Amino acid sequence: MDVILHLGAHRTGTASFQDYMHQQALPLREQGVEFWGPGIVHGGTFTPTTKGANNSARKKKTIPVGQRLAEAKARGVKQLILSDADVLGSIANNLQEAALYPNAVDRLSAFQKAFGTPVHRVLFSPRSLELYWCSALSQAVVNAEPIPSTERLCNIAMSQRGWRDVVADIAKAFPNSSIEILPYEKCVGRPEVVLQAVTDAVVPLDVKREWLNRTPTLPALRRVLSDLGTVPTALPFGMGKWNPFQNEEHVALREMHADDMMWLISGADGLATLSEDCRKQRAGQTPPLAAQVKGRCDELEERQVARPG
């Protein structure tokens, strides 16, 4: 059974992907593909809730990992896809430490030990650092976290830990796994593309296009602060999304992300494989050389276009 771990990261459409996988569970199961989301995966603890007449009286029954895996094999599951960004860490910890998933190695190693079965492939989706942090900070406000100080924002922007370091940590925790990188910008709003990156099954089209946990706008954040009894003027005026960084901080984040992507494009030191886009498209026919060089000069020379009077 091919075991695939989808790590997210946070704020990269992970919730939308998980919702899509739940919605498409039946057609995927018919092809031997099964999905386990955060409710099953998190921490390697498997505590499904048994159904009962009274929801408040439901009892939790712990099922060992090995038993669940054996049951999946008995059902004829060929590919088991796990998805949980919290295996890497949390947004709150990232903001507290002003760094991307600083404890990733320990958390991933602990998960692998608890899971007890080799993970064959790991799928990870990095996102533009400036947009990732803006989205993470906005989500933190929604979760009633305090607005970070100017010093904290500067520490985040100037941190020397980028996606390259996170990928290296993933490779260290899963030395025998194939690590596939699918940039968020290449699959945003298309969970079927994420699935296609790790399966040969016929992938159902996402007709609902549910976009869950979208980054809130400034008016929405001001309403959150107002409900919490905090002065909404702590946020800038505007109708778009919150951008808390200064120009030089944006430059630092862009440069870090550009270096990370160049490293991935160059082969990631053999640690991971970059997938630019999973849509299988045939290359178009190359136009003849003459068609590439014709322009306004040809039109004027051949008098196909009237000259200005």
Side-chain angles (χ1 to χ4, degrees), residues 1-14 17-18 21 33-46 64-66 68-70 72-73 77-91 93-94 97 99-127 132 161-184 186-187 191 193-201 260-261 263-276 278:
M1 185 169 62
D2 188 17
V3 179
I4 301 160
L5 176 60
H6 171 250
L7 287 175
H10 296 95
R11 314 311 301 163
T12 62
T14 305
F17 172 72
Q18 293 164 354
M21 293 297 291
V33 179
E34 185 165 312
F35 174 72
W36 293 357
I40 299 177
V41 176
H42 186 59
T45 303
F46 301 85
V65 179
R68 288 192 71 102
L69 290 169
K73 291 180 181 179
V77 176
K78 298 176 182 177
Q79 285 188 311
L80 177 62
I81 300 177
L82 321 172
S83 179
D84 188 355
D86 286 343
V87 174
L88 270 173
S90 66
I91 291 177
N93 185 244
N94 288 355
E97 300 295 331
L100 290 171
Y101 303 105
N103 304 316
V105 170
D106 293 338
R107 293 182 64 90
L108 292 171
S109 299
F111 167 81
Q112 177 65 92
K113 182 178 180 180
F115 192 62
T117 296
V119 172
H120 300 100
R121 284 183 285 172
V122 179
L123 183 62
F124 183 66
S125 295
R127 182 180 184 179
Y132 168 83
R161 183 173 171 82
W163 294 124
R164 172 177 180 169
D165 303 283
V166 179
V167 171
D169 286 350
I170 296 172
K172 185 175 181 179
F174 298 98
N176 300 317
S177 303
S178 171
I179 301 172
E180 301 178 34
I181 308 299
L182 182 61
Y184 165 79
K186 299 295 182 181
C187 60
V193 171
V194 179
L195 177 59
Q196 188 68 76
V198 292
T199 183
D200 293 326
D260 291 344
M261 292 306 299
W263 177 72
L264 289 169
I265 292 170
S266 300
D269 294 333
L271 300 179
T273 301
L274 176 65
S275 177
E276 288 291 349
C278 296

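Quantities reported herein were computed from a predicted structural model and do not represent experimental measurements.
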Atom [atom1] in [X], atom [atom2] in [Y]: separation rounded to 0.5 Å?
X      : Y      : atom1 : atom2 : result
Leu7   : Leu88  : CG    : CG    : 4.5 Å
Ile81  : Glu34  : CD1   : CD    : 10.0 Å
Arg164 : Asp260 : CZ    : CG    : 7.5 Å
Ile4   : Ser177 : CD1   : OG    : 11.0 Å
Met1   : Leu69  : CE    : CG    : 5.0 Å
Lys172 : Asp106 : NZ    : CG    : 8.5 Å

Is there a side-chain contact between [X] and [Y], using heavy atoms and a 4.5 Å cut-off?
X      : Y      : value
Val33  : Val77  : no
Ile265 : Leu274 : yes
Arg11  : Arg127 : yes
Lys186 : Val193 : no

Least distance between heavy atoms, [X] atom then [Y] atom:
X      : Y      : result
Ala9   : Tyr101 : CB-OH, 3.4 Å
Ala168 : Leu271 : CA-CD1, 4.1 Å
Val198 : Arg121 : O-NH2, 2.9 Å
Ala173 : Val105 : CB-O, 4.3 Å

Keeping the roles fixed (side chain from [X], backbone from [Y]), state whether a donor-acceptor pair exists under 3.5 Å.
X      : Y      : answer
Asn93  : Ser90  : no
Gln112 : Thr117 : yes
Ser125 : Leu182 : yes

Quiz prompt | For Leu82, the option from Ile40, Leu123, Val3 that meets side-chain contact (heavy atoms from CB on, under 4.5 Å) | solution =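 Of the listed residues Ile40, Leu123, Val3, the side-chain contact (heavy atoms from CB on, under 4.5 Å) partner of Leu82 is Val3.
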Quiz prompt | Name of the residue among Asp84, Leu80, Val119 meeting side-chain contact (heavy atoms from CB on, under 4.5 Å) with Leu5 | solution =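 That would be Val119.
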Assess the side chains of [X] and [Y]: does a donor N or O sit below 3.5 Å from an acceptor N or O?
X      : Y      : result
His10  : Asp86  : yes
Gln18  : Ser83  : yes
Ser275 : Glu180 : no

Self-check item: Quiz item: cation-pi between Arg68 and Trp36, 6.0 Å / 45°
Solution: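 Checked: cation-pi criterion met.
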Practice problem: Give me the ring orientation class for Phe124 and Trp163: parallel if the planes are under 30° apart, tilted from 30 to 60°, perpendicular past 60°. | Solution: perpendicular
Practice problem: On the 0 to 90° scale, with breaks at 30° and 60°, tag the Phe35-Phe17 ring pair as parallel, tilted or perpendicular. | Solution: perpendicular
Quiz item: side chain to side chain contact (heavy atoms under 4.5 Å, CB included) between Ile181 and Val167: does it pass, once the steps are laid out?
Solution: CA-CA 9 Å; Ile181 308 299; Val167 171; 3.9 Å; yes
Practice problem: Look at Asp2 together with Lys78 and state whether they make a salt bridge at an N to O cut-off of under 4.0 Å. | Solution: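 Here Asp2 does not pair with Lys78 in a salt bridge, since their nearest N and O are not under 4.0 Å apart.
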Quiz item: Under a 4.0 Å N-O cut-off, is there an ion pair linking Asp169 with Arg161?
Solution: yes
